[in-house]
Each structure stands twice: as structure tokens, then as C-alpha cells.
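Below: one structure, written as C-alpha cells.
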2 protein chains.
Amino acid sequence: MPSARTSTSATPGRREQNKAATRAAIAGAARRLLQDEGADALTAEKVADAAGVSRRTLFNYFPSVEAVLNAPLTAFLDRAAAGLEELPADLPPTIAAVDALAALAGESEGLATVADVFVLAQGNPQLARLQLEAWDQCAAQIHEAMSARVPAEAGFELAVYVHAVVGAGRAAFQSWAERHPDDHRSAAALADLQRLLMVALEQLRDGFPALRNLTTPHPGTPDRES
Amino acid sequence: MPSARTSTSATPGRREQNKAATRAAIAGAARRLLQDEGADALTAEKVADAAGVSRRTLFNYFPSVEAVLNAPLTAFLDRAAAGLEELPADLPPTIAAVDALAALAGESEGLATVADVFVLAQGNPQLARLQLEAWDQCAAQIHEAMSARVPAEAGFELAVYVHAVVGAGRAAFQSWAERHPDDHRSAAALADLQRLLMVALEQLRDGFPALRNLTTPHPGTPDRES
DNA sequence: CATGAAACTTACACTACGTGCAAGTTTGCT
DNA sequence: AGCAAACTTGCACGTAGTGTAAGTTTCATG
């Protein structure tokens, strides 16, 4: 008779259970097919087929084939936004952002799959666009959550800041992908990504000291070790 | 009979002339149809029909229907990137960005159509994604152009900075659209957009002073010492 | 346990997108 | 004039995504 869940974590109802399983099956099938046949051969029908569901059901779960692949990124960014919300409210946003990201980047196993999806998007314009949208929605979410913490006059400054933070995050991923064209799955590469994410936010917080102090960046390129 | 152009700016060849005309016809038809029939009724066939070309030709000129509408934004961002390149090389990037944007925002008539396209994307996810891609490509272009000006060890800092700048630009557009839900075509609104763009970059340059100095952000919350 | 409602899956049909291809047509050069 | 390259067009094809109306499963009743 209790319509409420008996124990929230144990059995969230058979229905929810099945849905989660189907979702996972689709996502798994997509990644498997991608691995085996390459990006070009990835079609909605094949994925649905491999997942054991109808094509229509796939579209009931995901709005597009690319969205299936993109799921890890959206999950990650959702957690990132949530992490920012839960920080102590009396912290200046510029500090809170660094803290939140530090906590998030710590979960390296989540980061690994996200990084994987990120490099995947390099050869797939549709997926790349979808990821840009995901980053943007993350920014909107963060802005929404934090706008209550700042006075109204600072609303625009907050908006700019949040976009800059998210931009910094993307820059970190991008530079990271460029630096590790081949070994992006290695532990060292992962550690580098974590480092870059932190450095990016610190540079934003500190106002880009290296760039600001540039006086004579001569085209003659004063050679330095990389 | 001379194979060289008679006057380089006047007649760039009949072929180029026709192509430009077709391009303009397609873009015009798209905007007209959008105005008249609404976003939902906008289909490739209708646009091509209204432009007096075949559907196939439309796709020879633009990769998608949304790209037709997006043309003004890409043009604007291309000019923005180009403007940054042409600035004196001995200027610190943090200053150069502000200068370049100031020059660009001055051409208010270009800005107007861009702003128009921006609000258009609010109700059209495909177009919105395409615009995000355009901003991103702009960032890549700027990064490419300026990376020669900074020492190699500042390359990553530059990447972060460029992304932050572009993010700031987007934040300005977004906040602007929220502030002018109805009058976004008025001269006052346009002036406000110019102002926001400048303010956004200044805040980035100055390190978000208002956010950093926040001590008691909660309007209804008694401040506690950290 | 029976049973009915709600949630979920599936097949089918339909519109539209974007592309390859093989014609035709226009433009430019000599 | 005439040829080659560029451009347009129609056609066909595979695929994406969506509406709809039927089945099928889950779940809370009596």
C-alpha cells in the first residue's frame, strides 16, 4: 500500500530498473559499434538493433544518435554544476569555482570517459555541436544557481564570469587533446588533463599574469625551451 | 580580352557576381520566409523555391538550412577575428582584445543584423548549436592568429584567455537578449548591446572586481565570518 | 488473484535532410 | 567559334526524427 519507495536505494521500482537497463544497453551498443565499425557506419537502426530495441525506442530515450554518445559529457557537466551549487554560499564565486572543479576532477574515472567522448567529437561535427550545447547548458545552470548569491547589480558580471569559467574548462580539454593526440587514454594523460583544468581556472582567477606582462613578444621569436 | 580584371573591385568576374547574387537571393528568401511563415514552416525546398533555385543548388551554397540563417553571425565573427589579427603586435593580448571589439562594435549596422540572428536562435535548437560552433571557430581562429605573438610557454594561457574572451562576448549577447525581450531592434537596445560587449571585456580584463569583493552575498542572510 | 489504468514498446508511415551522380547549361579563355 | 571548366538541375538513395495506433508490461487496486 505504500506508494513510496520501500528503500530508496535498493529497489527504485521495476520500471525504473528496466529503463536504466535499456538506457545502458543503448549507450553500450553505441560505443561498441563505434569501436568496431567506425564513426561513419554508426546509424540509429544499427545501434537500436545491437541494443535489442526498436529504432523508435531509441528515439524515446535519446533525441538523436549523437546524444547517445554524448551522455557521459552531459552527466559530467551536470555534476559539475551541482557541485558548484552545494558549496558554502558565503564563498566568493571566483574561489568557489576553483574548489568545485578541484573536487570534480578528483574523480578521475569519470573524467576518463568524458575525455574519451571529447576526443571522439573531433571527427564528428554533429557530436561536436552537441557538446558545445552541453557546455552552454552547464553555464546556464551554474548562472541560474549562483545568481541568487550575488547582488542584482553584479548579475551581468556573474554571467560573464560563468561563461569565462566554462570557456576555460573547454580550453583545458582542447589543449589537452592537442597535447595527447595518441596517448589520451593513458594515466599520465589523464593526470595532465586534471592539471590543465586547475591551471586554467587559476589563470582566470589571477587575471592572466603572463599575458598581461607581455611587453615585446617579437615576431623574431626569442627561442625558449617548450 | 585581357584576362586580368579590368577594375578589381568593380567587376570581379561574372561568375563570382552570379554566385554572390544567388547567395544573397537564398539568404533573402530564407529571412523572408521566416518572417512570413514562422520558423516551423521553414524548409529547404520552400527556401530554394522562393530564391528561384533548385533545392540541390541551395545545398551547394550552404551545408544546411540553418547555415543560411546563420551567415550574418559567421561573417561578423570572421571580421572580429580578422580585426584582432591586424592590431599592432606589441600590444598585450588583454588590451588588444578590448580595442578590437571596440572597433567592431562601432559598426552598429552590422551588429544589428547579428543581434537579430542571435535572438532568432533562441527558438531554434539547430540554429543555436550552429551558432555555438561559429563562436568556437572564431575562438580557434583568434588563437591561431595570436599564438605567434606569445612565447611558447604561454600558449595554454593564451588558449584559456581566448576562450574566456569569446565566452564573455557570448555572455554579453545573452544577457542583452534577456534584457530586451521585446525591443531588441530599437536603437537603444543596440546601444546597450555595444555597451555590454565592452563592459564584459573590461570585467575580464580587470579580474571581476565585484565578484571578488563579495563578502555578504545573501540579501536575507546574516553574514558570518569564514 | 483478477483486473483495469498507466507506462512502455513496437511497427508503420510520413516528411524532410543531405549527398552522389549524370546529365544539361553557362561562363571564360584562346 | 569552339572548347574546357564551372555551375545548375533533376533524380534517387539512405537516413533522421516524429506522429499514431496498436500491442505488451508494470503496478496498484478490489
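Model, not experiment: these values are computed from the prediction.
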Requested in this report: Just jot down the side-chain hydrogen bond (donor to acceptor under 3.5 Å, both in side chains) partners of B:D183, sequence neighbours excluded, or say none.
Outcome: B:H180, B:S186
Query - Test side-chain hydrogen bond (donor to acceptor under 3.5 Å, both in side chains) applied to A:T74 - qualifying residues, sequence neighbours left out - result: none
Suppose we screen for side-chain contact (heavy atoms from CB on, under 4.5 Å). Which residues come up paired with [X], at least two apart in sequence or across chains?
| X | answer |
| --- | --- |
| A:E133 | A:L130, A:Q137, B:R129, B:L132 |
| B:A41 | B:E37, B:K46 |
| A:R195 | A:R179, A:D192, A:V199 |

Query raised in the report: A:F59 side chain: which of C:dT9, C:dT19, D:dA16 is closest?
Result: D:dA16
Query raised in the report: How would you list, by chain and number, every residue that makes a ring-ring contact (aromatic ring centres under 6.0 Å, His included) with A:F62, sequence neighbours excluded?
Result: none
**Report entry** Which residues share a ring-ring contact (aromatic ring centres under 6.0 Å, His included) with B:F118, sequence neighbours left out
**Finding:** B:F173
Over how many whole Å does the gap from [X] atom [atom1] to [N] atom [atom2] extend?
| X | N | atom1 | atom2 | answer |
| --- | --- | --- | --- | --- |
| B:R56 | C:dC21 | CZ | P | 11 Å |
| A:N60 | D:dT24 | CG | P | 18 Å |
| A:K19 | D:dT25 | NZ | C1' | 14 Å |
| B:R23 | D:dT8 | CZ | P | 12 Å |
| A:Q17 | D:dT26 | CD | P | 10 Å |
| B:L58 | D:dC7 | CG | C1' | 15 Å |
| A:R55 | C:dT9 | CZ | C1' | 15 Å |

Student check: side-chain heavy atoms of [X] and [Y] closer than 4.5 Å:
| X | Y | result |
| --- | --- | --- |
| B:L77 | B:L73 | yes |
| A:F76 | A:V117 | no |
| A:L127 | A:Q122 | no |
| B:K19 | B:Y61 | yes |

Report task. Look at the side chain of B:W176 and the backbone N and O of B:H184, then say whether any donor-acceptor pair between them is shorter than 3.5 Å. Result -> no
Query raised in the report: Is any side-chain N or O of A:T57 closer than 4.0 Å to OP1 or OP2 of C:dT10?
Result: yes
Query - Stretch residues 61-75 of chain A: residues that reach within less than 4.0 Å of DNA chain D through a heavy atom - result: A:P63, A:S64, A:V65
**Report entry** Contact list for DNA chain D against residues 28-51 of chain A - heavy-atom distance below 4.0 Å
**Finding:** A:T43, A:A44
Query raised in the report: For DNA chain C, what residues of residues 120-128 of chain B have any heavy atom nearer than 4.0 Å?
Result: none
Would you list the protein and nucleotides 22-26 of chain C atom pairs, both N or O, that sit under 3.5 Å from each other?
residue: C:dT26; atom: O2; partner: B:R15; partner atom: NH2; Å: 3.3

**Report entry** Gap separating the CD atom of B:Q194 from the CG atom of B:L196, nearest 0.5 angstrom
**Finding:** 10.5 Å
Query raised in the report: Going by the ring-ring contact (aromatic ring centres under 6.0 Å, His included) test, which pairs reach into residues 20-39 of chain B, not counting sequence neighbours?
Result: none
